[in-house]
Amino acid sequence: MEFRDYPDREMLALSLADRIASQLAQHLRSNERATLCVPGGTSPAPVFETLSGADLDWGRVTVVLGDERWVDGDHKRSNSRLLRRHLLKDKAAAAEYIDLYTGDASPDLATDALAARLAPHLPLTVALLGMGNDMHTASLFPGADHLEAAMAPDAAPVMAIRAEGAEEPRITLTRPVLADALNIHVLIMGPEKREALDRAQKLDPIKAPIRAFLDQATVHWAE
């Protein structure tokens, strides 16, 4: 694990956006397409704002969320809504977007079709992960109903998952898909997340799912 400590959140956002853009550009120099996986929530919004204006051949980039709440794209809790507002605009509006919310009655009905759509875009070129205070990432929550299956080496690429603290049912990319990314970044902010990261390093990934990705990751932190 590489740990990067920034003097402030603005510097973190600028540096991380530049790093992601550079890795995507480098990949595109020798590959037809690149795939960027990003987290939901509000923490990455400043990174997305900077990244959306990056001078990339965005028409050759596919963007996908690491997970999504099973709500309509206009719902206030939709990760896609935040992504459209902060990333999929300006130059990045040209990117292809794989929406994990399909409109099916439940996420369980969407997994096969999503896996087939995602397959041509794997492995992920860059995976940007977040982390909750409970040490979850994507929708890989400690105690979730299908967590062990989603963390297994032979897990399907996309799974429906439900957890006590997650409110809505979720759809999530699974451990093997996220861990196989060519470049992995973890974005955390504030002292509570730093403490959670320290705890996670000492725990089994079933108790601290973020732990499964830390060895290959660059962690970006600011107070």
Side-chain angles (χ1 to χ4, degrees), residues 1-68 73 78-100 117-131 137-138 157 172-173 177-190 193 197 210 213-223:
M1 182 183 81
E2 178 185 353
F3 185 85
R4 296 196 169 191
D5 183 344
Y6 296 85
D8 56 55
R9 297 185 179 192
E10 182 180 4
M11 185 65 72
L12 185 160
L14 292 171
S15 177
L16 180 52
D18 182 68
R19 181 88 176 269
I20 292 170
S22 296
Q23 288 173 338
L24 293 171
Q26 181 178 2
H27 188 79
L28 289 171
R29 282 196 282 272
S30 54
N31 296 271
E32 184 59 33
R33 297 195 61 81
T35 308
L36 170 63
C37 176
V38 295
T42 56
S43 294
V47 179
F48 295 162
E49 290 286 344
T50 300
L51 189 57
S52 68
D55 189 17
L56 274 173
D57 189 353
W58 283 103
R60 295 164 58 201
V61 176
T62 299
V63 176
V64 63
L65 281 159
D67 69 312
E68 179 59 287
S78 166
N79 285 333
S80 286
R81 180 171 174 262
L82 287 170
L83 211 59
R84 289 195 304 271
R85 180 179 297 176
H86 298 292
L87 177 60
L88 300 173
K89 61 178 188 175
D90 197 0
K91 294 178 180 177
E96 177 185 3
Y97 178 53
I98 297 179
D99 193 343
L100 296 181
R117 188 175 178 199
L118 187 62
H121 303 283
L122 299 177
L124 302 170
T125 310
V126 178
L128 175 61
L129 304 176
M131 183 193 70
T137 191
T172 188
L173 303 192
V177 170
L178 295 170
D180 282 349
L182 304 180
N183 303 278
I184 300 176
H185 300 279
V186 177
L187 169 62
I188 57 173
M189 297 183 190
K193 295 286 182 74
L197 178 73
I210 189 66
F213 311 101
L214 292 180
D215 287 349
Q216 313 103 287
T218 300
V219 177
H220 305 261
W221 178 81
E223 188 74 40

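Remember, predicted model here, so these are calculated numbers, not experimental data. Only heavy atoms go into these numbers, but all of them, side chains included; no hydrogens, no water, no symmetry mates.
With hydrogens and angles ignored, the 3.5 Å screen pairs a side-chain donor or acceptor of Trp221 with a backbone N or O of Gly190. Looking only at distances, a side-chain donor or acceptor of Asn183 sits under 3.5 Å from a matching main-chain atom of Thr125. Of the possible polar contacts, none joining the Ser52 side chain to the Leu88 backbone as a donor-acceptor pair under 3.5 Å is found. A donor-acceptor pair under 3.5 Å is formed between the side chain of Arg9 and the backbone N or O of Glu223. Thr62 contributes no side-chain N or O that, together with a main-chain N or O of His121, makes up a donor-acceptor pair within less than 3.5 Å. Although no hydrogens or angles enter the test, the distance criterion places a donor-acceptor pair under 3.5 Å between the side chain of Lys193 and the main chain of Met131. In this structure, the side chain of Gln216 does not engage the main chain of Ile184 through any donor-acceptor pair within 3.5 Å.
The side-chain heavy atoms of Phe48 and Leu128, taken from C-beta on, include a pair separated by under 4.5 Å. Side-chain contact between Lys89 and Glu49 is present, with heavy atoms from C-beta onward closer than 4.5 Å. Contact of the Leu65 side chain with the Val38 side chain is registered, since non-hydrogen atoms from C-beta on lie closer than 4.5 Å. Put simply, the side chain of Leu187 reaches to within 4.5 Å of the side chain of Met189, judged on heavy atoms.
The minimum heavy-atom distance linking Ala138 with Thr172 is given by the pair CB-OG1, 3.4 Å. Residues Leu56 and Ala21 share a closest heavy-atom pair of CD2-O, 3.6 Å. Contact between Thr218 and Arg19 at its shortest, heavy atoms only, is OG1-NH2, 3.9 Å. Taking both residues in full, the closest heavy atoms of Cys37 and Leu124 are given as CB-CD1, 3.8 Å, listed atom of the first, atom of the second, then distance. Taking each heavy atom of Leu28 and Ala34 in turn, the nearest pair found is CD2-N, 3.6 Å. Between Val186 and Ala217, the shortest heavy-atom contact is CG2-CB, 3.9 Å.
Using the six-membered ring where Trp is involved, His185 and His220 have ring planes that are tilted, between 30° and 60° apart.
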Take Asp55 and Lys91 through the side-chain contact (heavy atoms from CB on, under 4.5 Å) test and state the conclusion after the steps. CA-CA 7 Å; Asp55 189 17; Lys91 294 178 180 177; 4.1 Å; yes

Leu36/Leu51 under side-chain contact (heavy atoms from CB on, under 4.5 Å): CA gap, chis, key distance, verdict: CA-CA 11 Å; Leu36 170 63; Leu51 189 57; 3.9 Å; yes

Give the C-alpha distance, both sets of side-chain angles, the deciding distance and a yes or no for side-chain contact (heavy atoms from CB on, under 4.5 Å) between Leu197 and Leu214. CA-CA 9 Å; Leu197 178 73; Leu214 292 180; 3.8 Å; yes

Go through the steps to decide whether Tyr97 and Leu83 satisfy the test side-chain contact (heavy atoms from CB on, under 4.5 Å), and finish with yes or no. CA-CA 10 Å; Tyr97 178 53; Leu83 211 59; 3.5 Å; yes

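More than 12 heavy atoms of other residues, nucleotides or ligands sit less than 6.0 Å from atom CD of Glu96. More than 12 heavy atoms of other residues, nucleotides or ligands lie within 6.0 Å of CE in Met1, so this atom counts as buried by the packing criterion.
Note that OG of Ser43 and CD1 of Ile188 are 10.5 Å apart. Values are rounded to the nearest 0.5 Å. With rounding to the nearest 0.5 angstrom, the CG atom of Asp57 is 9.0 Å from the CZ atom of Arg33. Note that CZ of Arg60 and CG of Asn31 are 8.5 Å apart. Values are rounded to the nearest 0.5 Å. The distance from the CG atom of Asp99 to the CG atom of Asn79 is 10.5 Å, given to the nearest 0.5 Å. Taking CG of Leu129 as the start and CZ of Phe213 as the end, the distance is 6.5 Å to the nearest 0.5 Å. One distance of note links CG of Asp90 with CH2 of Trp58; it measures 10.0 Å at 0.5 Å rounding.
For the side-chain contact (heavy atoms from CB on, under 4.5 Å) test with Val63, the passing option among Ile98, Thr35, Leu87 is Leu87; the others fail.
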